[in-house]
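Notes follow once the structure below has been shown.
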Amino acid sequence: MPGSSMSEKADVSVRRATEADLPAIKQMIHEFADYLNAIDEPEALDPALVSGIEKLAFGPTPLCTIDIAEVTGAPVGYMVYFIGIDMDGFAPALYIADLFVRAAWRDRGVGRIFMERAASITRERGGKTLFWTVWNKNPKALAFYRHLGAQPWDEEILMRWELNGDRP
Amino acid sequence: MTQAGNKDVALRRATEADLPAIKQMAREFVDYLNTIDEPEAVDPAIFDRIERLAFGPAPLCTIELAEIDGAPVGYLIWFIGVETNGFTPALHIADLYVRDAWRERGIGRIFMDRAASILRERGGATLFWVVWNQNRAAIDFYRRLGAEIWDEAILMRWDPARDT
């Protein structure tokens, strides 16, 4: 609203992405990789891997959902999430796989809108806990999430097992 | 059938009929964790929620049961999500438990191999789970398996209702 205290906030709308949004989503995935690569340890992103998002989100048995943020019809960010469970409360839990806001639209509340939407989806499913990971070299993201009220889950150690790794 | 020590272990997908055994083992798991450090009272009612999560109209997880001579000796709870490094399916292990009397006989490994094979069938290659940092025996077991502590990633948890 012009002239209001919200004038620095973008007029953002968030909606469920469809297959028609794939070009925009893939473009933003590449921007996300570029952003992370600018922080440390640049790693080339294989465009063939990015194509995998189509099957994950829009295949016959989707494994995740993508929400897209738009300002005046132009994509400014995306969030990828899926529903799993939390064994502390034996309840549904929401896992955020990716959250990205384009450079020109950062610090205008778009990330917060995504997170609040994720929280409300979790509640609708009967859950109360959201989980995600942040690269330890991305203090800006960490600060954003902490500001939101999220905490590093220090009592737990996150394990990863790569089947195509060094195990014979 | 797979050998665990000198006993045959059978793994199968759990059904609602297994709920009493699963709940009993989930309680044993909590008791086990409570012997390690900082015992924490758990509301017994929460175990009833397993039913809806695993066997409701829209299940959010799958439970595998290990049996020896028809008796339950452990369970594995998993669900499929995605990982966005390679944009592939990922398997998340929510719980893995082997009963006291049957530990160190390879049953945990049999469960993990089952989880790996379920994921491969889905076209994925990355499994994730969390281990309580006080549970050294579990961490050692997973490392022997070939899993790594993913310490470049900070695991975040947000319980929005707790803040407001």
Side-chain angles (χ1 to χ4, degrees), chain A residues 29 32 46 49-53 55-57 63-64 80 82-87 89-93 95-98 115-116 118-119 122-123 125-126 128-137 142 145-146 148-167, chain B residues 26 46-50 52-54 60-61 77 79-90 92-95 112 115-116 119-120 122-135 139 142-143 145-164:
Chain A
I29 287 172
F32 195 4
D46 180 355
L49 289 182
V50 177
S51 300
I53 193 72
K55 195 174 158 218
L56 292 182
L63 296 175
C64 63
V80 181
F82 55 91
I83 303 288
I85 62 172
D86 157 37
M87 292 306 291
F90 290 93
Y95 290 76
I96 297 168
D98 252 359
M115 293 304 289
E116 281 170 1
T122 311
R123 276 192 298 273
R125 299 286 200 118
K128 59 185 180 65
T129 314
L130 295 85
F131 297 99
W132 64 94
T133 58
V134 188
W135 188 23
N136 63 7
K137 292 183 176 161
L142 190 60
Y145 291 125
R146 280 181 171 277
L148 194 74
Q151 295 291 331
W153 198 17
D154 292 330
E155 316 92 88
E156 298 288 332
I157 294 169
L158 179 60
M159 306 287 303
R160 183 170 70 163
W161 186 23
E162 288 281 2
L163 301 179
N164 300 334
D166 44 17
R167 188 176 161 238
Chain B
I46 71 164
F47 298 109
D48 294 331
R49 298 186 194 155
I50 297 172
R52 188 164 157 245
L53 291 180
L60 294 174
C61 63
I77 305 183
F79 57 91
I80 300 285
V82 302
E83 58 81 29
T84 51
N85 280 323
F87 297 93
T88 58
H92 287 249
I93 293 167
D95 245 0
M112 293 303 287
L119 180 61
R120 276 198 201 91
R122 306 261 191 144
T126 313
L127 294 88
F128 296 101
W129 63 93
V130 296
V131 189
W132 185 27
N133 62 12
Q134 303 296 310
N135 193 352
I139 296 165
Y142 291 126
R143 295 194 91 150
L145 192 74
E148 54 169 343
I149 293 174
W150 193 24
D151 46 17
E152 314 95 89
I154 301 167
L155 177 63
M156 303 294 293
R157 184 168 76 159
W158 186 31
D159 184 345
R162 200 171 287 172
D163 311 322
T164 47

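To find a chain, count down the sequence lines: A is the first, B the second, and so on, and within it residues start at 1. Only heavy atoms go into these numbers, but all of them, side chains included; no hydrogens, no water, no symmetry mates.
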Is chain B contacted by the side chain of A/Leu158, its backbone, both, or neither, given a heavy-atom distance below 4.5 Å? both
Can you tell which of B/Glu83, B/Met112, B/Arg52 has the highest number of heavy-atom pairs within less than 4.5 Å of chain A? B/Met112
Chain B interface, residue from A/Asp98, A/Ile85, A/Ile96 that has the most non-hydrogen pairs under 4.5 Å: A/Ile85
Toward chain A, the part of B/Leu119 with a non-hydrogen atom under 4.5 Å: side chain
Below 4.5 Å, heavy-atom pairs only: which of A/Glu116, A/Arg125, A/Met115 has the largest tally toward chain B? A/Met115
Euclidean distance, A/Tyr95 OH relative to A/Leu130 CG, rounded to 0.5 Å: 10.0 Å
Distance col, row B/Leu60:CG vs B/Ile77:CD1, nearest 0.5 angstrom, shows 12.0 Å
Among B/Asp95, B/Asn133, B/Ile139, which has the most heavy-atom pairs under 4.5 Å with chain A? B/Asn133
Which one of A/Thr129, A/Leu63, A/Val134 has the most heavy-atom pairs closer than 4.5 Å to chain B? A/Val134
Residue B/Leu53 versus chain A: region with a heavy atom under 4.5 Å: side chain
Taking only residues two or more places apart in sequence or in another chain, which ones pass ring pair (Phe, Tyr, Trp, His ring centres under 6.0 Å) with A/Phe90? B/Phe47
For residues A/Phe131 and B/His92, establish whether the separation of their ring centroids is below 6.0 Å. no
Side chain, backbone, both or neither: which part of A/Met159 has an atom under 4.5 Å from a heavy atom of chain B? both
Which one, A/Ser51, A/Ala97, A/Ala57, leads in non-hydrogen pairs under 4.5 Å with chain B? A/Ala97
Can a donor-acceptor pair be found, under 3.5 Å and without considering hydrogens, that links the side chain of A/Glu162 to the backbone of B/Thr126? no
Would you name the heavy atoms of A/Cys64 and A/Val80 that are closest together and state the gap between them? SG-CG1, 3.7 Å
For B/Asp48, which residues count as a side chain to side chain contact (heavy atoms under 4.5 Å, CB included) partner, sequence neighbours excluded? B/Lys23
To the nearest 0.5 Å, how far apart are OH in B/Tyr142 and CD1 in B/Ile149? 12.5 Å
Heavy-atom cut-off 4.5 Å, strictly under: side chain, backbone, both or neither for B/Asp151 against chain A? backbone
Contact between A/Thr133 and B/Phe128 at the side-chain level, heavy atoms closer than 4.5 Å - yes or no? no
Chain A contact via B/Thr88 - which portion, at a heavy-atom distance below 4.5 Å: backbone
What residue in B/Ile80, B/Ile154, B/Val130 has the most heavy-atom pairs under 4.5 Å with chain A? B/Ile154
Winner by heavy-atom pair count (cut-off under 4.5 Å) against chain B, out of A/Ala118, A/Gly84, A/Gly52: A/Gly84
Side-chain contact, heavy-atom cut-off 4.5 Å: A/Gln151 with A/Arg146? yes
Relative to chain B, which segment of A/Asp46 carries a heavy atom at a distance below 4.5 Å: side chain, backbone, both, or neither? neither
Go through the atoms of B/Phe79 and report whether side chain, backbone, both or neither lie under 4.5 Å from a heavy atom of chain A. side chain
